[in-house]
Every structure is written in structure tokens, then in C-alpha cells.
Amino acid sequence: MTKQVKTVTHQPLIPVKTGVTQQQLLDELHYQQSHQLITKLLSKGLISEKEFKQIDQLNQQSFPPLIKPESVDTSTIQS
């Protein structure tokens, strides 16, 4: 008994324009890296909460993130 194999057809992949520039992606990457670094400094007690917020604000100005940290709901994330 032989199985019949159907030919699979598909639509060609069409690039989707996201409207995000390469610079915006780099800014996002740099912001996320800097945010992780200052988060570690804060958790180790090397900087205060006030210093963390000040540095984070400066980083947001230098590397505008695509998604603002305050717009992300982290209430359900477990440490």
C-alpha cells in the first residue's frame, strides 16, 4: 500500500516593513544592556534606588527604548 503525497504550495515570503530603523534597534539594545547593568549594581547595593532612577532616566535619553519600562506590567513576574 502506497501513500499519496500531496504537493504543498505556499505563498512566497514577503518582507514586512516594521517601521523600526536600525538605529532604533541599536538604541533598544544599548538601553537594555545598560538597564541590566544598573539593575545588578542596585541588587548588589552598589547604587541606591535614587541613583538607579537617575541613571535609568539618563540612559532613556541617550538610548530611547522602543518600549518604555513603565509601560510593561511586571507584577506577575516571579524573581
Side-chain angles (χ1 to χ4, degrees):
M1 182 168 164
T2 32
K3 287 187 174 183
Q4 292 285 59
V5 178
K6 291 183 179 180
T7 305
V8 177
T9 59
H10 61 82
Q11 295 293 324
L13 295 176
I14 301 170
V16 177
K17 296 221 176 215
T18 61
V20 177
T21 67
Q22 185 175 10
Q23 185 60 50
Q24 287 173 309
L25 289 174
L26 283 173
D27 285 345
E28 178 69 22
L29 175 65
H30 293 146
Y31 173 75
Q32 293 301 328
Q33 289 174 331
S34 64
H35 189 76
Q36 285 179 352
L37 179 64
I38 63 173
T39 300
K40 285 182 183 180
L41 292 173
L42 178 64
S43 69
K44 291 182 179 192
L46 298 172
I47 60 173
S48 68
E49 185 74 34
K50 181 180 178 183
E51 291 169 319
F52 173 87
K53 289 179 182 178
Q54 290 172 336
I55 296 167
D56 194 50
Q57 285 178 345
L58 290 172
N59 285 339
Q60 286 184 40
Q61 291 172 10
S62 299
F63 316 115
L66 294 173
I67 301 173
K68 300 281 186 204
E70 59 271 8
S71 66
V72 178
D73 179 16
T74 58
S75 62
T76 59
I77 297 175
Q78 297 177 355
S79 301

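Residues take their numbers from the sequence shown, with the count starting at 1.
Q33 places a side-chain heavy atom less than 4.5 Å from the side chain of H30.
Listed by chain and residue number, Q61 satisfy the side-chain contact (heavy atoms from CB on, under 4.5 Å) test with L58 (two or more places apart in sequence, or in another chain). When the side-chain contact (heavy atoms from CB on, under 4.5 Å) test is applied to Q24, the partners found at least two apart in sequence or on another chain are V20, T21, L66. Residues satisfying the side-chain contact (heavy atoms from CB on, under 4.5 Å) test with I55, not counting sequence neighbours, are I38, I47, N59. Legend: residues meeting side-chain hydrogen bond (donor to acceptor under 3.5 Å, both in side chains) with S48, ordered by chain and number and at least two apart, are E51. In terms of the side-chain contact (heavy atoms from CB on, under 4.5 Å) criterion, residue partners of T39 (sequence neighbours excluded) are, by chain and number, H35, F52. Qualifying side-chain hydrogen bond (donor to acceptor under 3.5 Å, both in side chains) partners for E49, counting only residues two or more places apart in sequence or in other chains: none.
Y31 and F63 get closest at one heavy-atom pair: CB-O, 3.5 Å.
For the atom pair NZ of K50 and NZ of K53, the computed distance is 11.0 Å after rounding to the nearest 0.5 Å.
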